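Comments concern the structure below.
On a predicted model such as this, the values are computed, not experimentally measured, just so you know.
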Amino acid sequence: MAELVGPRLYSCYNCRNHVSLHDDVISKSFQGRNGRAFLFSHAMNIVVGPKEDRQLMTGLHTVADIYCQDCREVLGWKYERAYEETQKYKEGKFIFEKSKIVKENW
């Protein structure tokens with residue numbers, strides 16, 4: 001009998017709250033505050049903080065930190081606005097720091 005396995009997920013490293021689906025990964029080659037980071041098209045079970053302008057490696061962006069809905073750990077940020085035309089694809093997308101998420105159902 002086959003074992004039923006749910007979708008591959010990423011969870012908060014601190015409390016295991018599900019925060020995104022593996023299918024929503026756009027890129028694994030981003031740089032976060034503390035090392036490698038992943039760009040996702042969608043996120044779940046998070047809280048979006050206040051918007052602020054931040055000078056990042058790819059230019060000026062308006063971003064908002066994202067927090068785990070359960071334990072309030074900062075997991076990354078959401079791109080609200082990109083000022084450079086070549087960076088517009090990031091708008092509305094989410095960065096999760098690799099060190100702040102863990103794989104589930106792999």
Side-chain angles (χ1 to χ4, degrees):
M1 186 163 165
E3 182 179 332
L4 294 178
V5 178
R8 294 191 299 174
L9 302 163
Y10 288 96
S11 300
C12 171
Y13 82 104
N14 188 47
C15 71
R16 298 301 196 265
N17 181 28
H18 297 159
V19 295
S20 198
L21 298 171
H22 173 70
D23 289 347
D24 291 333
V25 173
I26 295 171
S27 174
K28 293 184 177 182
S29 56
F30 274 71
Q31 186 65 33
R33 288 187 196 100
N34 305 305
R36 201 162 151 210
F38 299 165
L39 182 68
F40 286 82
S41 58
H42 299 93
M44 59 187 161
N45 301 320
I46 56 147
V47 175
V48 179
K51 297 176 188 177
E52 65 178 56
D53 285 342
R54 237 181 250 168
Q55 187 67 40
L56 302 173
M57 291 173 62
T58 54
L60 183 65
H61 295 79
T62 301
V63 298
D65 285 339
I66 56 174
Y67 304 85
C68 174
Q69 190 174 31
D70 287 351
C71 72
R72 300 296 194 233
E73 181 72 31
V74 177
L75 302 175
W77 63 86
K78 179 180 182 184
Y79 285 104
E80 297 288 353
R81 181 175 179 202
Y83 290 91
E84 294 183 28
E85 198 60 40
T86 60
Q87 302 301 308
K88 293 281 188 190
Y89 75 96
K90 296 176 184 174
E91 291 181 343
K93 310 287 190 307
F94 301 86
I95 285 287
F96 283 98
E97 303 253 2
K98 185 178 182 225
S99 64
K100 300 292 184 107
I101 55 175
V102 294
K103 297 174 180 178
E104 302 274 351
N105 293 334
W106 291 66

Within the supplied structure, the quantity of interest is the number of heavy atoms (other residues, nucleotides, ligands) at a distance under 6.0 Å from Glu85 CD; does it exceed 12?
no
Is any side-chain heavy atom of Lys51 closer than 4.5 Å to a side-chain heavy atom of Val63?
no
Determine the minimum heavy-atom distance between Ser20 and Ala43, stating which atoms define it.
OG-CA, 4.4 Å
d(Tyr67 OH, Cys12 SG) to nearest 0.5 Å is 13.5 Å
Do Ile26 and Leu56 belong together in a cluster built from hydrophobic side chains that touch within less than 4.5 Å?
yes
With a 3.5 Å distance limit and no angle check, can you tell me whether Glu91 reaches the backbone of Ala82 through a side-chain donor-acceptor pair?
yes
To the nearest 0.5 Å, how far apart are SG in Cys71 and OH in Tyr13?
7.5 Å
Is Phe30 reachable from Val25 through a run of I, L, V, M, F, W or Y residues, each pair having side-chain heavy atoms under 4.5 Å apart?
no
Determine whether a donor-acceptor pair (N or O, by modelled atom type, separation under 3.5 Å) exists between the side chain of His42 and the backbone of Phe40.
no
Got a second to check how far Tyr89's OH is from Ser27's OG, nearest 0.5 Å?
7.0 Å
So, Trp77 side chain and Val48 main chain: donor-acceptor pair closer than 3.5 Å or not?
no
Contact between Asn45 and Asp70 at the side-chain level, heavy atoms closer than 4.5 Å - yes or no?
no
How about Asn14 and Lys100: do any of their side-chain heavy atoms sit closer than 4.5 Å?
no
OG/Ser11 to CD/Glu104 distance, rounded to the nearest 0.5 angstrom?
3.5 Å
Within the 4.5 Å heavy-atom criterion, are His22 and Tyr10 side-chain neighbours or not?
yes
Interatomic spacing from CG in Leu75 to CD in Gln69 - rounded to 0.5 Å:
11.5 Å
Any donor-acceptor pair under 3.5 Å from Arg36 side chain to Lys28 backbone
yes
Quick check for you: to the nearest 0.5 Å, what is the distance between Leu60 atom CG and Arg81 atom CZ?
8.5 Å
Can Lys93 and Asp24 be counted as an ion pair, charged N to O under 4.0 angstrom?
no
Side chain proximity check, Ile101 to Phe38, heavy atoms < 4.5 angstrom
yes
Report yes if the side chains of Val74 and Ile66 come closer than 4.5 Å at any heavy-atom pair, otherwise no.
no
Side-chain contact test, heavy atoms from C-beta onward, threshold under 4.5 Å: evaluate it for Ile46 versus Phe94 and give yes or no.
yes
side-chain hydrogen bond (donor to acceptor under 3.5 Å, both in side chains) partner of Thr58, the single match among Gln31, Glu84, Lys90
Lys90
Between Asn34 and Ser99 (side chain of the first, backbone of the second, donor and acceptor by atom type, cut-off under 3.5 Å), is there such a pair?
no
Any donor-acceptor N/O pair, Asp65 side chain to Gly49 backbone, under 3.5 Å:
no
Check whether any side-chain heavy atom of Asp53 lies under 4.5 Å from a side-chain heavy atom of Tyr83, and answer yes or no.
yes
For the residue pair Thr62 and Tyr79, confirm or rule out a side-chain donor-acceptor distance under 3.5 Å.
no
Please determine whether side chain to side chain contact (heavy atoms under 4.5 Å, CB included) holds for the pair Arg33 and Glu97, giving the CA-CA distance in whole Å, both sets of side-chain angles, and the decisive distance to 0.1 Å.
CA-CA 8 Å; Arg33 288 187 196 100; Glu97 303 253 2; 3.3 Å; yes
